[in-house]
Amino acid sequence: MEYNFNEIEAKWQKYWADNQTFKAENTSEKPKFYVLDMFPYPSGAGLHVGHPLGYIASDIFARYKRHKGFNVLHPQGYDSFGLPAEQYAIQTGQHPAVTTETNINTYRKQLDKIGFSFDWSREIRTSTPEYYKHTQWIFTELFNAWYNKEADKAEKIETLVALFEANGTAKVNAVCDEEVEQFTALEWNAFSSKEQEQVLAQYRLTYLSETEVNWCAALGTVLANDEIINGLSERGGHPVERKKMMQWSMRIAAYAQRLLDGLNTIDWPQPLKDSQTNWIGRSQGASVTFNVAGSLSGDEKPKTIEVFTTRPDTIFGVTFMTLAPEHELVSQIVTDEQKETVEAYITATAKRSERDRMADVKTISGAFTGAYAVHPFTGENIPIWIGDYVLASYGTGAVMAVPCGDQRDYDFAKHFNIEIKNIFEGIDVSEKACEDKTAKIANSDFLSGLNVKKATKLAIYELEKAGVGQGKINYRLRDAVFSRQRYWGEPFPVYYKDGMPQMIDAAHLPILLPEVEKYLPTEDGQPPLGNAEVWAWDTETSTVVSNDKIDDKTVFPLELNTMPGWAGSSWYFNRYMDANNPNEFASKDALDYWKEVDLYLGGSEHATGHLLYARFWQKFLFDLNYVPVDEFAKKLINQGMITGTSAFVYRVKPHAGLFSKELEGDKEKYDLFYDRLPQVFHSRQLIDKYYSVEKKSDFSNDKFSEIKKFYQTYNEDNLDLNCISLEFQPIHTDVSFVDTQNELDIEAFRNWREEYKKAIFISESGKVLSPGEDLGEEKYIVGREVEKMSKSKYNVVNPDSICEEYGADSLRLFEMFLGPLEQSKPWNTSGISGSHSFLKKMWRLYANANDFKGVEGEPSKDELKVLHKTIKKVEEDIENFSFNTSVSTFMIAVNELGALKCNKKEILEPLLVLISPYAPHITEELWSKLGNTESIATAPFPVFEPSHLVESAKEYPVSFNGKMRFKLELPLDLSKDEIEKIVMEHEKTQAQLQGRTPKKVIVVPGKIINIVG
RNA sequence: GCCUAGGUGGCGGAAUUGGUAGACGCGCUGGAUUCAAAAUCCAGUUUCUUCGGAAGUGCGGGUUCGAUUCCCGCCCUAGGUACCA
């Protein structure tokens, strides 16, 4: 009987679906294990073979854990809100919900064909009201919470109100806006409710604030940084300006330290942890306040500049201050003489985009404000400069410049001829700054003679004593903007009363996304929800009503922004635990049972987005006792990318070469000639042999005689063709036209596009093939190059066609066989024949065993040895996520058992369980043919028995000076001396030594023999 | 610049605590089977070689009886990040 994979795979996929084989229960005697893939966005392009890599790996692990007796939760769903669907809606007018649904169906069909063990009863989609109801609820919870630094956790806003009522701000230690006003309990209680609201807004974990965005007026949208190229929009190339907008922000910075600390408790890849650490960017130092000279005597409040420094020990080395050009103090302190220069400089920097400023590190620019600051210890006047190397968005937007200790300050000082004061003992700073932290401080009053550590401590102490500074920890992490001016996202459960945002009560959620005519922003620049006609909140009926009912008494306007993509994905892993719960995001029982994801698989591109936000929300939900753990994923693995192998054809492009003077006049005729020419493509190796892709080739060369003859037929004006030079342009061709020998199907290529219909091919042997002429014995070879798999490069390989031709089991094995999971590796379809023929070989092994039924009886020693070394290796491999090596192990096992003509049920049955996580369909089929009536899915994993691997002899490698020269089989129970004696007497040893006496003989019993000398 | 990962045949890769470098697969070569093809099976396949061997894991050193593995310096590739005070 043949291995009919299509039939077998369809049969078992149906069986699993009908029997709900992989449905996870929320109560079980078994230990739990939660395996999750990172949330996919269902794009219109569907899956290519790179996508399932991680899904196959996690599926193998999930199936393995079932064999190991775990209750496994392995769900799947869709992060279905998002920009591409909205973009498509804008272009076509189709509702994003419709296209999203279509895309999801395509995804599902593709996923089903690969035989994943997902529990589809728990499928979720972030764009369904049943789901985003809870996303909206979490948002209101964040709004109704503040961060208590005293308890180091988030608390309900009521506890803050209670503190205000009792003591005002006196006993409040909270994460809040900068510069909040201080008040007493009496004052608080006297505030109007609006005033109280305004105060509370400064403490809430989500709050409205003016944020700068990249506004593109032509597109009517806000753009992300990577959608902007050279100050223009990526799409259309329209101008982009910085614009302030009132937006929701998330106070993630409150969690900076805990997000950092939490990294030590989770098993995530080091590079990923490193990038989160960098992103959070903790730096320890001090904040120092400098008074602006001359501002002390006036009537006004003295002007001060606050800076953050990581090196307070170098405070005596300060010779100037630098403010960011955007710093608000600049306009206040600039002197009349300097006004013009400073303003010109500010205008110049404002024109440069952030990207320009970043790209251009070498140009030093700045301007003197004319003002001076007073050194807190020496009382000296130090000039205040502005310079764009100081960023307004980091720290306080101002630095105390210590040119002797910081290279950027040094370069700035050199450029503008500012004093460089040396405060390091015995170090020359005439060439460059000293950034070495082992240098001793000198020339620094009370800090002189101290090392960095001691000086830092003392400097902070003195700053605090003088009331001009304090020790401080600064984080790079900014609060996250949470508003999007888009349609296809979660609506905020927010309405505005008297200009203040009001949360809609949880009981009335979800607030459904309204229907709109157009998905574009409104003409007056409002987000797309501004187009909705029924988008007002009636506080009496607690329903969404028509806009014309707005009276600002009982009916109020609703928020027009929507939530960003990361809202829905920041808590979805909790939803899977109880996906169909209509009342809560998940029941307490379900949360307490599943707790967290045990294995999370996905790409490293989510390092500082999804994975940071999700950790933030989890910690918040933990603080409010909604979830039992404060890290949502115990272990995380980044799977590498599968790259595509693009194929290129080489189009000949004739160029006018070096014209002699008399040919100059024929330029037009030449152009006409080029236009008449059909497209000509050269075979790759032909080019390699004679010409070069990179360089232009001289057409007068004899090598081109064939093509020249051909071109001559188009040469109506009798032009001199010898002055032409040729260039070869590599053009992507669809990889499906190319076979494993890199030969192109020229018919398929000609039919691909109208412009190639009449294409001419120059074959490998140099023959010119006109349209209609087929290759015959000739070959056309394409060039190949490894690139990212993408539609535009025509190198996408579709898993469906692979499943059809070779089967899902072959695909699964091959994807794992390609190489280590974490590494990126190129796809090469021809390799799949290896894993496919392995499955056929395996099928034959079982077919030969009493027509699939297997033979009862004692297996031989050798058979047992093969089985048990396979058990050992495969178990180790899966535990180490080394899936590629276990595929090799299976191949070896089947090869060896085939050689032994093994037909014993006692061997063949456990072997199926080992292979089943990797190739679930064929193993189910063979399992049932062996006489089992239950699915293999929960069959226990075979237990490794070391006694079967015990050997009595070892084939020792005999090395001379560390190089293996021959092998010698010896019993394992020999002593070192006995081994040495036998080896030394061996004729090959004597031959190697050629009469020399060895200096030393190393014998490691059971391992190696090494003879030195 | 900094951080991280990596560099092994024609290709993907293996070598788990330092102990036989190149497992397994692709590709290629030859053979068997076949009218022929597909499929299958068998043999070979790092390089050089005077056929005895010799060299060899990015480069240069070091530790060791022994290094793909450990240490030092350098080169290259990929990913991340950036005037971060």
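Protein chains get the first letters and strands the later ones, always in sequence-line order, with residue 1 at the start of each. These numbers come from the heavy atoms of this one structure, side chains and all, not from hydrogens, waters or symmetry mates.
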| task | Please determine, for the side chain of A/Lys840, which listed nucleotide (B/U40, B/U4, B/C24) has the closest atom? | result | B/U40
| task | Go through B/C26, B/A85, B/C41 for me and flag the one nearest to the A/Ser837 side chain. | result | B/C26
| If we only count heavy atoms from C-beta on, is the A/Lys421 to A/Cys404 side-chain gap below 4.5 Å? | no
| query | Which residue, A/Gln270 or A/Met891, contacts RNA chain B at a nucleotide closer to its 5' end, judged by nearest heavy atom? | reply | A/Gln270
| task | With heavy atoms under 4.0 Å as the rule, sort A/Thr322 into base, sugar-phosphate or nothing. | result | nothing
| query | Mind checking the C1' distance from B/C51 to B/G60? Whole angstroms is fine. | reply | 34 Å
| Is there a side-chain contact between A/Val399 and A/Asp406, using heavy atoms and a 4.5 Å cut-off? | no
| query | Would B/G79 be called syn or anti, given that syn covers angles within 90° of 0? | reply | anti
| request: Between B/G56, B/C24, B/C26, spot the one nearest the side chain of A/Lys963, thanks. | output: B/G56
| field | Whole-Å C1' distance, B/G58 and B/G7 | value | 6 Å
| said: Could you check whether any side-chain heavy atom of A/Asn638 comes within less than 4.5 Å of a side-chain heavy atom of A/Pro271, counting everything from C-beta outward? | reply: no
| field | Identity of whatever pairs with B/U40 - Watson-Crick or G-U, under 3.5 angstrom | value | B/A32
| said: Need to verify one output field. Residue with the more 5' nearest nucleotide on RNA chain B, A/Ser604 or A/Ser283? | reply: A/Ser604
| Could a donor-acceptor pair under 3.5 angstrom be found where the side chain of A/Asn895 meets the base of B/C24? | no
| request: For B/G27, measure the glycosidic angle (O4'-C1'-N9-C4 for a purine, O4'-C1'-N1-C2 for a pyrimidine) and name it syn if it falls within 90° of 0, otherwise anti. | output: anti
| query | Taking C-beta and beyond as the side chain, do A/His48 and A/Ile642 meet within less than 4.5 Å on heavy atoms? | reply | no
| request: Ignoring hydrogens and angles, state whether a donor on the side chain of A/Asn1010 or A/Lys1000 is under 3.5 Å from an acceptor on the partner side chain. | output: no
| P-based separation of B/G1 from B/U46 [nearest Å] | 40 Å
| request: Using both distances under 3.5 Å as the test, list the Watson-Crick or G-U wobble partner of B/G27, or none. | output: B/U45
| request: Could you tell me which nucleotide pairs with B/A14 by Watson-Crick or G-U wobble geometry, both distances under 3.5 Å, or answer none if nothing does? | output: none
| said: Using a 4.0 Å heavy-atom cut-off, does A/Ser959 contact any base of the nucleic acid, only the sugar-phosphate backbone, or nothing at all? | reply: nothing
Polar atom pairs between nucleotides 45-47 of chain B and protein, under 3.5 Å, N or O only, would you list them?
none

| What is the pairing partner of B/U50, taking Watson-Crick or G-U wobble pairs with both distances under 3.5 Å in any strand? | none
| said: I'd like to know if the side chain of A/Thr645 reaches the main chain of A/Trp827, judged simply by a donor and an acceptor atom lying under 3.5 Å from each other, with no hydrogens or angles considered. | reply: yes
| request: Please determine, for B/C2, whether a Watson-Crick or G-U wobble partner exists with both distances under 3.5 Å, and give it or none. | output: B/G80
| request: With the side chain of A/Trp279 defined as its heavy atoms from C-beta on, choose the nearest nucleotide among B/C26, B/U81, B/G25. | output: B/U81
| query | Should B/G19 form a Watson-Crick or G-U wobble pair with both distances under 3.5 Å, which nucleotide is its partner? | reply | B/C65
| What class does the angle between the rings of A/Phe416 and A/Phe412 fall in, given that below 30° is parallel, 30 to 60° is tilted and above 60° is perpendicular? | tilted
| said: Keeping A/His327 on the side-chain end and A/Thr322 on the backbone end, is there a donor-acceptor pair under 3.5 Å? | reply: no
| Strand partner of B/G56, provided both Watson-Crick or wobble distances fall under 3.5 Å | none
| said: Please verify the inter-ring angle class for A/Phe960 with A/Phe966; under 30° counts as parallel, over 60° as perpendicular, anything in between as tilted. | reply: tilted
| task | Take nucleotides 12-19 of chain B nucleotide by nucleotide from the 5' end and write B, S or -, depending on whether a protein heavy atom sits under 4.0 Å from the base, only from the sugar-phosphate, or from neither. | result | BSS-B--B
| task | With side chain to side chain contact (heavy atoms under 4.5 Å, CB included) as the test, would you mind laying out the steps for A/Ile56 and A/Phe883 before giving the verdict? | result | CA-CA 10 Å; A/Ile56 294 169; A/Phe883 301 114; over 6 Å; no
| said: Under a 3.5 Å distance rule, please check whether A/Tyr956 uses its side chain to pair with a backbone N or O of A/Gly1006 as donor and acceptor. | reply: yes
| field | Spacing of the C1' atoms in B/U69 and B/G18 (rounded, Å) | value | 6 Å
| query | Can you check whether A/Arg965 has a side-chain N or O nearer than 4.0 Å to OP1 or OP2 of B/G53? | reply | no
